[in-house]
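Small disclaimer: the values here were computed from a predicted structure and weren't measured.
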Protein chains: 2
Amino acid sequence: MSDTRTKLLDAAADIVREQGAAGASARAIAARAGVNQALVFYHFETVRKLIDAACRRAVDEAAGRYREQLAAVTSLVGLLDVGRELHRQERDAGNVALMAQLMSGAGRDPVLAEAARYAMDVWVGEIEPVVERALHDSPLAAAIDTVGLARAVSASFLGLELYEGVDPQGAASALDAVQLLGVLVEVVDDLGPLVRLALRAKLRSLRSGA
Amino acid sequence: MSDTRTKLLDAAADIVREQGAAGASARAIAARAGVNQALVFYHFETVRKLIDAACRRAVDEAAGRYREQLAAVTSLVGLLDVGRELHRQERDAGNVALMAQLMSGAGRDPVLAEAARYAMDVWVGEIEPVVERALHDSPLAAAIDTVGLARAVSASFLGLELYEGVDPQGAASALDAVQLLGVLVEVVDDLGPLVRLALRAKLRSLRSGA
DNA sequence: GTCTATAAGATGATAGAC
DNA sequence: GTCTATCATCTTATAGAC
């Protein structure tokens, strides 16, 4: 692969991370890459397509970096631990911010929307098997949709990342609260059949009540 | 208050909701308001200050619309019910999208960052007393930071809103999963002292283990 | 593949007539 | 308060020399 191509891909991802998709102009990206502005269009046709390609590559790389760690996780608390480590490292790397930028830019750009959907699918695809494994012997397994939970976890981390950009201390306290909820689920797991019965009764009463 | 001023405020909020902060140019806003472009600068000095004012007003109004409903909530499941109703209505009104746009634009604009922080503080201020009330008699009350939980709930809904813009069906299944977690917390509440003991033991073992 | 030059348009913001 | 006209600057994208 051409050197200029990869320089542009790297620079595009960096600019989106730091300035958002709105700030990622052909000139800004080319300047960062140290190449001529016209090469953006020679190699990628449009700015949008460059951003799309750069973000997909960044998401693939980031997901790959955590595949091993996630493969070793067997509990929800373990998942949240990796999530917190991931959050800390990728916040510095800017990769969660990059996803948030894709999502927020999706409204006015179908190419970004496609990239955003791809990014979310990649992460949900990584996390879902972990959730499945963590809840395998749990009394919750029958009640909960693991794909839905994986999506909720991914989306929540996305929201927390956005929040962190605005109020780092607030976001830290929010992460603590989420972690405690994970512990709670494990406690419920430990209590086993007792909870299964109570949960079933609760769900039944809620459904008939609503 | 001048008619033009309010027209511009309304138009600015609408454009941010529909096109994002990046698409909210002086010309676009003025066209939507049906007034001359130069009036943006006469009334608000800069485009940024107009967007800031418009978003703060929109957040205040949206929070006010749910104050009564939130005041009647006494459980976490009830909070999530209101949250889901709020999510459904404000998604159509675009007010959660507006917040997400503020957050994602915060990186490259300190004025937006201030507005974003204000928006988050407003919603956390509304939700925190509800969480406090919902957990008042709970075995979890001693362990959990209610402000942190309120922040986590707000940030998670923000992430879910972003996700919804990209994959509506995926977001719906994520919301279902979150709702089930709320039910779980209530089940734990019903089990009372038993859980309190188990939770304490778990937290102790986690702390000594780490 | 890479460069310069340039077209064609959008942007924030201002000056000055009314 | 509101308008027109305008500046300087930014944008995407292309044509054509090398």
Please list, one pair per line, the donor and acceptor atoms closer than 3.5 Å that link side chains of residues 109-116 of chain A to other protein atoms, with sequence neighbours excluded.
residue, atom, partner, partner atom, Å
A/Asp109, OD1, A/Val111, N, 2.9
A/Asp109, OD2, A/Arg48, NE, 2.8
A/Asp109, OD2, A/Arg48, NH1, 3.0

Worksheet item: Quick one, which residues of residues 10-30 of chain B touch DNA chain C with a heavy atom under 4.0 Å?
Response: B/Ser25, B/Ala26, B/Arg27
Qualifying salt bridge (charged side-chain N to carboxylate O under 4.0 Å, His left out) pairs with a residue from [range], counting only residues at least two apart or across chains:
{"range": "residues 169-187 of chain A", "value": "A/Arg84-A/Asp176, A/Glu186-B/Lys202"}
{"range": "residues 65-74 of chain A", "value": "A/Arg65-A/Glu90, A/Arg67-A/Glu126"}
{"range": "residues 129-149 of chain B", "value": "none"}

Fill in: By side-chain hydrogen bond (donor to acceptor under 3.5 Å, both in side chains) - contacts of B/Arg117 (at least two apart)
none
Item to complete: Can you run down the side chain to side chain donor-acceptor pair (under 3.5 Å) pairs that involve residues 25-43 of chain B, sequence neighbours left out, and say none if there aren't any?
Response: B/Glu18-B/Arg32
Practice prompt. For the residue pair A/Leu184 and B/Leu140, establish whether any side-chain heavy-atom pair is separated by less than 4.5 Å.
Written response: yes
Practice prompt. May I ask you to test the A/Ser154-A/Ile127 pair for a side-chain heavy-atom distance under 4.5 Å?
Written response: yes
Item to complete: Please list, chain by chain and in numerical order, all residues satisfying salt bridge (Lys or Arg N to Asp or Glu O under 4.0 Å) with B/Asp52, sequence neighbours excluded.
Response: B/Arg56
Item to complete: List in chain and number order the residues that pass salt bridge (Lys or Arg N to Asp or Glu O under 4.0 Å) with B/Asp121, two or more places apart in sequence or in another chain; answer none if no residue qualifies.
Response: none
Worksheet entry | Range on DNA chain C touched by chain A, heavy atoms, distance below 4.0 Å | C/dG1 to C/dT6
Response to the item:
Residues in residues 32-41 of chain A with a heavy atom under 4.0 Å of DNA chain D, by number, are A/Gln37, A/Ala38, A/Phe41
Worksheet item: Tell me, which of residues 101-112 of chain B have any heavy atom that sits under 4.0 Å from an atom in DNA chain D?
Response: none
Worksheet item: Hey, does the side chain of A/Gln101 reach the backbone of B/Ser104 with a donor-acceptor pair shorter than 3.5 angstrom?
Response: yes
Item to complete: Answer yes if the side chains of B/Gln19 and B/Asp14 hold a donor-acceptor pair under 3.5 Å, and no otherwise.
Response: no
